[in-house]
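The chains referred to below are lettered A, B, ... by the order of the sequence lines, with proteins before strands, and numbering in each begins at 1. Since the model is a prediction, treat every value here as computed from it, not as a measurement.
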Amino acid sequence: MNIRVRFAPSPTGFLHIGGVRTALFNYLFARHNNGTFILRIEDTDEERSTAASVKAIFDGMEWTKLNWDEGPMRDGSELGPHKPYLQSARADAGIYKKYIDQLLAEGKAYKCYCTQEELESARQEAIAKKLPPRYSGKCKHLTDAQRAEFEARGRRPAVRFNMPKEGHAGWNDLIRGEVTFASKDLYDLVIQKTSGYPTYNFACVIDDHMMEISHVIRGDDHISNTPAQIQIYRALGWTPPEFAHLSMIHGPDGTKLSKRHGATSVIEYEKQGYLSAAVVNYLALLGWSTPDSQQLFAPGELERKFDIKGCQKSPAIFDPAKLEWMNGEYIRMTPVAKLTDLAMPFIKEAGINIGGADRARLEGIISLEHEKYKRLTEVPGLIKFFFSDVEFDAAAVEKVFKKPEAKSILEGMAEVYSNIASFTEAELERAARGYAELKNLKTGQIFHPVRVAVSGRTHGPTLFKMLEYMGRDTVVKRLKEAVKLAA
RNA sequence: GUCCCGUUCGUCUAGCGGUCCAGGACAUCGCCCUCUCAAGGCGGAGAUCACGGGUUCAAAUCCCGUACGGGACGCCA
């Protein structure tokens, strides 16, 4: 059996983290099973679909490297044998119309002339009577004469699916097991809008069938759509694909993840300094796990180990703290050269002028705090003092420079370092220790004021390496200036 | 209101009838390492497995209820 799965977003906003998670699970399922991963754009909502949202989908998919084998591409071309992959284009090509007409001819669908207002008031009435707010089926038995009358009055009909009222529609969900709905709880849903466009539940079935989708992996908010879709497959004489319904991602307050919870667009995570591999790794663990609860995955490992059996039925709460930890892990695993490339936009964004710093020195400086970065946005703040004047932390100045011996130590060290033969880590440390011994001071009494003098802070990278990268002129100059701040 | 789905440490999860007075990870706390901060190492605390009934020699694991949460009931997807 050919494994073919799809991610079918609707372009009505940015690509949010939940969408990426769905795309990721489809992608992993395809890659693990040597199948095909398809991207299909479900833009049948003429009012809300936008080109900007289509672009946002490309941006997000590309950033997370969820490469698709078939579907629309950014340049307007399309990959794969089932084009077009945009539902609007498919609608324009008459693909859905053909099946609508077929169902109509077979009596498996009928025209409905109700207006939105009529439907809405019927809905309100049902809710008031505590009945299911569901379409009654009133247009099902319209006579030809009645239809002709509506048409004569200029009413455009929608087409409704004539839902079978007997029996059941169920499936063996790959994640949840047997799920069954009684047909009587289903209703005659609209499959073609007045505009002539298909609705989601219809277009989805036609496309999944035509594109030979073998497994539909989607969020569990679609569970109640599934029985209706199964009935449509049956009406068309088709075999439904396998279904797997993923649990949702919730925010810290336990409700479905949304704008209220801060960053929800994937690209927002890029802007906040997360590495896409870390976001992907974290997302994979929301609602999925290996039998041994593995946390970190090497490149290609998720693809190898993904098993839909490891999917969770219950919703997962998005935990920013864990994502941040994971991002730190990924940053630590990133070679400095690559890290420097990734950090560059953030450094520029922060307005730091790295001037004539050569690449090797820049990488050296960035590597000083390699294990400390949790997000790329932290890089500029931690390297800034190498490239611009020291900004003193008031508490640091108070704590370190106000010690009685501080002033003479700074003067002494400025002297030592201006005369040192070789301005290298080892020599700098040796000289500092030598000075401590000479003055009968503890090494900490030297190290701390020097650190604050050159960086403005009490904490930072390993001291002598930092001084080496800073260079003699800057170090001596800063030590001398710091003397003025000392008591 | 009706239908569907779910419920293991604060969070993500392991667990598929005995090896579980429940394992791992994040967060948290402590110790070690150490020129600071991190990182790393070690350790602690943290879950009456939502609740109540069954079934069984034995249940987090199977069955039935209840509660709570979520989803759907759109000419949105």
Whom does [N] pair with, Watson-Crick or G-U wobble, provided both distances fall under 3.5 Å?
{"N": "B:rC33", "result": "none"}
{"N": "B:rG10", "result": "B:rC26"}
{"N": "B:rC75", "result": "none"}
{"N": "B:rC49", "result": "none"}
{"N": "B:rG69", "result": "B:rC5"}

- Message: Does the protein touch nucleotides 68-77 of chain B at the base, only the backbone, or not at all? Give it as B, S and - per nucleotide, heavy atoms under 4.0 Å.
- Response: ---SSBSBBB

- Message: Each nucleotide in nucleotides 32-45 of chain B should get exactly one letter: B, S or -. Can you fill that in based on protein heavy atoms under 4.0 Å?
- Response: ---BBBBSS-----

- Query: Is the NZ or CZ atom of A:Arg21 positioned over A:Phe25's six-membered ring, under 6.0 angstrom from the centre and within 45° of the axis?
  - Reply: yes

Taking the [atom1] atom of each, how far is [N] from [M], in whole Å?
{"N": "B:rG43", "M": "B:rG23", "atom1": "P", "result": "14 Å"}
{"N": "B:rG70", "M": "B:rU55", "atom1": "C1'", "result": "30 Å"}
{"N": "B:rU66", "M": "B:rA22", "atom1": "C1'", "result": "25 Å"}
{"N": "B:rG52", "M": "B:rC37", "atom1": "P", "result": "48 Å"}
{"N": "B:rA47", "M": "B:rU11", "atom1": "P", "result": "12 Å"}
{"N": "B:rC12", "M": "B:rU7", "atom1": "C1'", "result": "15 Å"}
{"N": "B:rC42", "M": "B:rU56", "atom1": "C1'", "result": "43 Å"}
{"N": "B:rU61", "M": "B:rG53", "atom1": "P", "result": "14 Å"}

- Task: Under the ring pair (Phe, Tyr, Trp, His ring centres under 6.0 Å) rule, collect the residues that match up with A:Phe202, sequence neighbours excluded.
- Result: none

- A:Phe181: ring pair (Phe, Tyr, Trp, His ring centres under 6.0 Å) partners, not counting sequence neighbours: none

Whole angstrom is fine here: how far is it from [atom1] in [X] over to [atom2] in [N]?
{"X": "A:Tyr282", "N": "B:rU13", "atom1": "OH", "atom2": "C1'", "answer": "11 Å"}
{"X": "A:Ile230", "N": "B:rC4", "atom1": "CD1", "atom2": "P", "answer": "14 Å"}
{"X": "A:Gln295", "N": "B:rG23", "atom1": "CD", "atom2": "P", "answer": "16 Å"}
{"X": "A:Lys184", "N": "B:rG1", "atom1": "NZ", "atom2": "C1'", "answer": "14 Å"}
{"X": "A:Leu296", "N": "B:rG24", "atom1": "CG", "atom2": "P", "answer": "17 Å"}

- Message: Under 4.0 Å from OP1 or OP2 of B:rG6: is there any side-chain N or O of A:Gln312 that close?
- Response: no

- Message: Within the 4.0 Å heavy-atom criterion, would you say A:Ser247 contacts the bases, only the backbone, or no part of the nucleic acid?
- Response: nothing

- Query: For A:Gly287, which contact category applies under a 4.0 Å heavy-atom criterion: base, sugar-phosphate, or nothing?
  - Reply: sugar-phosphate

Partners of [X] by side-chain contact (heavy atoms from CB on, under 4.5 Å), sequence neighbours excluded?
{"X": "A:Val190", "result": "A:Ala158, A:Arg160, A:Thr199"}
{"X": "A:Phe346", "result": "A:Leu376, A:Thr377, A:Pro380"}
{"X": "A:Asp307", "result": "A:Lys309"}
{"X": "A:Thr180", "result": "A:His168"}

Between protein and nucleic acid, restricted to nucleotides 46-52 of chain B and to nitrogen or oxygen atoms under 3.5 Å apart, what atom pairs and distances do you find?
none

- Item | Residue list, salt bridge (Lys or Arg N to Asp or Glu O under 4.0 Å) with A:Glu411, at least two apart or on another chain | none

- By salt bridge (Lys or Arg N to Asp or Glu O under 4.0 Å), which residues pair with A:Arg430, not counting sequence neighbours? A:Glu427

- Message: Once rounded to the nearest 0.5 Å, what's the spacing between atom OH of A:Tyr282 and atom CD of A:Glu329?
- Response: 14.5 Å

- Query: So how far is it from A:Met470 CE to A:Phe386 CZ, rounded to the nearest 0.5 Å?
  - Reply: 4.5 Å

- Message: So, using side-chain hydrogen bond (donor to acceptor under 3.5 Å, both in side chains) as the criterion, who are the partners of A:Asp292 when residues are at least two apart?
- Response: A:Thr290

- Would you find more than 12 non-hydrogen atoms of other residues, nucleotides or ligands less than 6.0 Å from A:Lys193 atom NZ? yes

